[in-house]
K.L.:
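Please read through the structure below; I'll follow up with questions.
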Amino acid sequence: MSGGVVLRLLQFSIGLYAAVAVIHTTWLYLLLPLSRFSWPSTVTAPATAHRVDRLSQSTGPNVPELNVDLDLAVLLDDDHWADVSTSRYASSELVQLPRSKVSARKIGRVSGYGVNEESLLSKAFSEAMHPTRIIPFYFKAAHSVDPDDVTITTLVTSNRFRVFKQLVERYRGPISVTIHIPLPLHSSFSTLKPDHPSRAALNSLHALYASSPLFSQYVDVHLALSPFTSPLSPEATSSPEGEGGRQFNVWRNAARLFARTDFVMMLDVDFAVCTDWRGFIRDTLRAASSSPIRHTTRTPRREQPYVPGGANGTEIVQWLREGSAALVVPAFEHVKQEDGVDQRSFPGDKQVQLTGAVPQTLIRLVQANPPVIASFHASWGPGHSSTDYERYYSIPAGSGAIYKVEQYQSAYEPYVITNKRVSWCDERFAGYGGNKAACLFEMYLSGVSFYVLSDHFLIHQSHKYEEEARREERKSNRKVYADFKEESCLRYLYRYYREGTLHTERAANAREECKKIKNISKTVSQVTPCKAQNRCNVDALLPSGFS
């Protein structure tokens with residue numbers, strides 16, 4: 001072979017290599033990132049391998065064209081119960097994480113590192129009952145996100161779609177919802193009959209989302225797939241009609257994790273938003289942002305109502321931003337269940353002063369003889385009595401007052417507005433009982449105090465309770481909650497000790513609450529007399545092997 005031929009072959013090889021390199025680089029660093037970019041649309045599907053792309057089509061302003069017959073439902077995935085490491089989409093969708101600047105200096109460029117989405121979610125919800133598969137942003141709303149807005153985070157099963165629609169219509173603001181769709185073990189949507197309850201549930205969800213433009217404007221939907229019916233009847237796990245073991249805290253965490261604002265309202269779907277607490281929070285945050293913030297140390301004292309706009313109100317908003325305050329919206333219900341079925345009859349004001357006809361305000365209905373409305377679950381005082389309803393009634397409407405919860409108790413489970421990044425809900429709970437109280441208990445130990453919005457309220461929409469299931473599940477969760485409280489107290493006491501903050505105001509809630517728990521009261525009593533230098537040996541007081 002002559003030297004000219006060899007040279008031409010070498011030139012051709014170099015040219016071919018350069019062309020392939022350019023194509024590969026263009027695809028990797030330009031086309032692939034653009035393909036994952038969420039372009040604005042009326043309804044957008046998630047950037048995941050199991051998305052249904054036709055859901056992003058639109059037939060008009062804010063009205064999505066949805067595949068209601070679910071021919072595309074099989075594209076969710078045929079391997080939902082496969083092991084993540086062997087699933088056919090295990091490496092197809094990556095969540096890009098930025099490299100540190102130190103790493104960038106070493107390699108000479110800044111580029112992201114991809115983590116498999118399913119692996120990331122399996123870690124995020126590792127305490128859930130398995131198998132459970134979370135699918136974020138099955139539907140993604142088109143609204144522009146204001147970080148200082150308040151997203152309602154909630155959870156829904158298919159039997160609550162009607163009341164969920166009412167919540168969407170009343171709130172008209174951002175909502176992040178986890179919806180449980182049952183999927184029998186070793187099954188896929190492609191193998192289920194058209195009339196199977198799992199396909200029917202997904203069908204109903206599509207029809208619900210298409211029923212009002214408010215969904216595509218405000219509501220982000222995340223799916224939770226699981227085969228469980230009841231945690232107390234494992235033999236029934238093949239049934240398609242269950243509520244996923246009622247993993248309420250797993251679903252709450254998912255809804256909050258994917259909320260797109262800095263503030264969230266943890267709310268049950270069957271409560272009506274009666275007053276504009278969203279507008280109140282946004283206005284207060286806006287006013288606080290334009291005022292100088294004074295960083296102060298809270299002292300334990302009987303605190304008077306706070307009026308936003310004053311120094312104390314500004315401080316509360318700052319604590320909300322910092323994640324050390326939670327704002328309580330008091331909850332109510334009708335005394336007669338039949339009176340609380342139609343939300344259109346619910347009062348929209350706490351109390352108004354008018355001449356002539358007196359409107360049906362909250363206070364008027366509470367003070368009627370006999371009362372029409374009462375505090376929520378009044379027969380179970382520990383759940384909501386810490387809100388101090390008598391104090392709430394005594395504060396004139398329109399004052400904008402905020403008062404501190406003075407008598408916290410571990411069963412307290414109000415509906416609260418918090419920073420998105422407060423402590424997460426413990427996921428060991430399945431079924432009714434203790435799950436929401438556990439969220440609030442850990443929040444309290446972490447240094448969050450509760451403050452009541454005296455002008456605002458929620459009202460429960462009446463529905464039939466599953467009394468038998470609730471009774472059995474509460475009995476099971478009573479022991480789970482007792483163990484959880486002990487573990488949480490030990491964990492936070494040890495954390496504060498190691499930080500050197502055990503005697504600061506931040507740890508005050510943990511010191512006071514953990515003294516009430518018999519098994520660790522000795523530990524608390526022995527560490528409490530120690531001074532700020534932390535001279536006592538907390539390690540010797542904690543159980544062997546605890547860290």
K.L.:
Report the relative orientation of the aromatic rings in F376 and H384; use parallel for angles under 30°, tilted for 30 to 60°, perpendicular for over 60°.
P.N.:
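F376 vs H384 ring planes: perpendicular.
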
K.L.:
Apply side chain to side chain contact (heavy atoms under 4.5 Å, CB included) to I179 and F161, showing your working.
P.N.:
CA-CA 10 Å; I179 295 182; F161 281 172; 4.0 Å; yes

K.L.:
Can you give me the closest heavy-atom contact between A141 and R260, atom names plus distance?
P.N.:
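What the structure gives for the nearest pair is O-NH2, 3.2 Å.
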
K.L.:
Does a donor on one side chain sit under 3.5 Å from an acceptor on the other, for T132 and Q247?
P.N.:
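Looking only at side-chain atoms, Q247 and T132 do form a donor-acceptor pair, the distance falling under 3.5 Å.
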
K.L.:
Anything under 30° is parallel, anything over 60° is perpendicular, the rest tilted; go ahead and classify F450 against Y412.
P.N.:
perpendicular

K.L.:
Quick check for you: to the nearest 0.5 Å, what is the distance between W424 atom CH2 and C439 atom SG?
P.N.:
11.0 Å

K.L.:
Identify which one of W251, F125, F139, F137 satisfies the ring pair (Phe, Tyr, Trp, His ring centres under 6.0 Å) criterion when paired with H222.
P.N.:
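The option that passes is F137.
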
K.L.:
In Å, rounded to the nearest 0.5 Å, how long is the span from CG of L453 to CD1 of I417?
P.N.:
5.5 Å

K.L.:
List the atom of F441, the atom of C489, and the distance in Å for their closest heavy-atom pair.
P.N.:
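Closest pair (atom of F441, atom of C489, distance): CZ-SG, 4.1 Å.
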
K.L.:
Do any pairs count as a salt bridge (charged side-chain N to carboxylate O under 4.0 Å, His left out) and have a residue in residues 442-461, sequence neighbours left out, and if so which ones?
P.N.:
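Of all non-adjacent pairs touching residues 442-461, those that pass salt bridge (charged side-chain N to carboxylate O under 4.0 Å, His left out) are E442-R491.
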
K.L.:
At their closest point, which heavy atom of D388 faces which heavy atom of Y403, and how far apart are they?
P.N.:
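The answer is O-OH, 3.1 Å.
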
K.L.:
Just by modelled atom types, is the H377 backbone N or O under 3.5 Å from a matching donor or acceptor in the E333 side chain?
P.N.:
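Flag set: sc E333 to bb H377 pair under 3.5 Å.
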
K.L.:
Going by atom types only, do K485 and S410 share a side-chain donor-acceptor pair under 3.5 Å?
P.N.:
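Judged by distance alone, the side chains do pair up.
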
K.L.:
So, is the end of the R495 side chain (NZ or CZ) under 6.0 Å from the ring centre of Y492 and within 45° of the ring's axis?
P.N.:
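Output yes; distance and angle both within limits.
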
K.L.:
Report the relative orientation of the aromatic rings in F332 and Y392; use parallel for angles under 30°, tilted for 30 to 60°, perpendicular for over 60°.
P.N.:
tilted

K.L.:
Looking at E127, I'd like to know if its CD atom is crowded, meaning that more than 12 non-hydrogen atoms belonging to other residues, nucleotides or ligands lie closer than 6.0 Å.
P.N.:
no

K.L.:
Whether the side chain of N249 engages the backbone of C425 through a donor-acceptor N/O pair (distance < 3.5 Å, no angle test) should be reported.
P.N.:
no

K.L.:
Apply side-chain hydrogen bond (donor to acceptor under 3.5 Å, both in side chains) to residues S385 and Q407 and explain how you reach the verdict.
P.N.:
CA-CA 9 Å; S385 62; Q407 302 296 325; over 6 Å; no

K.L.:
When rounded to the nearest 0.5 angstrom, what distance separates OG in S446 from CG in N509?
P.N.:
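Reported to 0.5 Å precision, the distance equals 8.0 Å.
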
K.L.:
OG of S375 to CD1 of I373: how many Å apart, nearest 0.5 Å?
P.N.:
11.0 Å

K.L.:
Could you tell me which residues satisfy ring-ring contact (aromatic ring centres under 6.0 Å, His included) with F215, sequence neighbours excluded, listed by chain and number?
P.N.:
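If we apply the ring-ring contact (aromatic ring centres under 6.0 Å, His included) test to F215, skipping adjacent residues, the hits are F164, Y209.
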
K.L.:
Enumerate the residue pairs fulfilling disulfide bond (SG atoms under 2.5 Å apart) with a member in residues 364-421, sequence neighbours excluded, ordered by first and then second residue.
P.N.:
none

K.L.:
So which heavy atom on R162 is nearest to which on Q461, and how close?
P.N.:
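For R162 versus Q461, the nearest heavy atoms are NH2-NE2, 3.7 Å.
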
K.L.:
Going from NE2 on H334 to OG on S462, what distance comes out if it is rounded to the nearest 0.5 angstrom?
P.N.:
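These two atoms lie 7.0 Å from each other.
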
K.L.:
Could you walk me through whether L445 and C514 pass the side chain to side chain contact (heavy atoms under 4.5 Å, CB included) test, one step at a time?
P.N.:
CA-CA 9 Å; L445 294 190; C514 295; 4.1 Å; yes

K.L.:
Evaluate R282 against D148 for salt bridge (charged side-chain N to carboxylate O under 4.0 Å, His left out), listing each step before the verdict.
P.N.:
CA-CA 6 Å; R282 297 178 74 187; D148 280 351; over 6 Å; no

K.L.:
Return the set of residues passing salt bridge (charged side-chain N to carboxylate O under 4.0 Å, His left out) with K516 (not counting sequence neighbours), or none when no residue passes.
P.N.:
E513

K.L.:
State, without any angle test, whether H206 and Y138 hold a side-chain donor-acceptor pair at a distance under 3.5 Å.
P.N.:
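The answer is yes; a qualifying pair exists.
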
K.L.:
Is D270 salt-bridged to R160, cutoff N-O under 4.0 Å?
P.N.:
yes

K.L.:
Ignoring hydrogens and angles, tell me if any N or O in the side chain of R256 forms a donor-acceptor pair with the backbone of K420 under 3.5 Å.
P.N.:
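Between the backbone of K420 and the side chain of R256 there is a qualifying donor-acceptor contact (under 3.5 Å).
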
K.L.:
My understanding is that only residues two or more places apart in sequence, or in another chain, count here; which of them pass salt bridge (charged side-chain N to carboxylate O under 4.0 Å, His left out) with R421?
P.N.:
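R421 satisfies salt bridge (charged side-chain N to carboxylate O under 4.0 Å, His left out) with D262 once adjacent residues are dropped.
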
K.L.:
Please state whether the rings of Y481 and F484 are parallel, tilted or perpendicular, taking 30° and 60° as the class boundaries.
P.N.:
parallel

K.L.:
Tell me whether the count of non-hydrogen atoms from other residues, nucleotides or ligands lying under 6.0 Å of CD in E338 goes above 12.
P.N.:
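Above 12, so yes.
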
K.L.:
Evaluate side chain to side chain contact (heavy atoms under 4.5 Å, CB included) for V264 paired with T418, printing each intermediate quantity in order.
P.N.:
CA-CA 6 Å; V264 296; T418 68; 3.7 Å; yes

K.L.:
So which atom in A272 and which in R170 form the shortest heavy-atom distance, rounded to 0.1 Å?
P.N.:
CB-NE, 3.9 Å

K.L.:
When you measure from the centre of the six-membered ring of Y496, is the NZ or CZ of R506 under 6.0 Å away and within 45° of the axis?
P.N.:
no

K.L.:
Consider only side-chain N and O atoms of R252 and N435, and report whether a donor and an acceptor are under 3.5 Å apart.
P.N.:
yes

K.L.:
So which atom in D339 and which in F346 form the shortest heavy-atom distance, rounded to 0.1 Å?
P.N.:
O-CE1, 4.3 Å

K.L.:
To the closest 0.5 Å, what do you measure between OG1 (T151) and CE (M266)?
P.N.:
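That separation rounds to 14.5 Å.
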
K.L.:
Got a sec, which pairs hit salt bridge (charged side-chain N to carboxylate O under 4.0 Å, His left out) with one end in residues 424-435, sequence neighbours left out?
P.N.:
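Counting only pairs at least two positions apart or across chains, the salt bridge (charged side-chain N to carboxylate O under 4.0 Å, His left out) contacts touching residues 424-435 are D426-R428, R428-E487.
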
K.L.:
Going through the checks in order, is the side chain to side chain contact (heavy atoms under 4.5 Å, CB included) test met by E512 and Y408?
P.N.:
CA-CA 10 Å; E512 291 302 311; Y408 173 83; over 6 Å; no

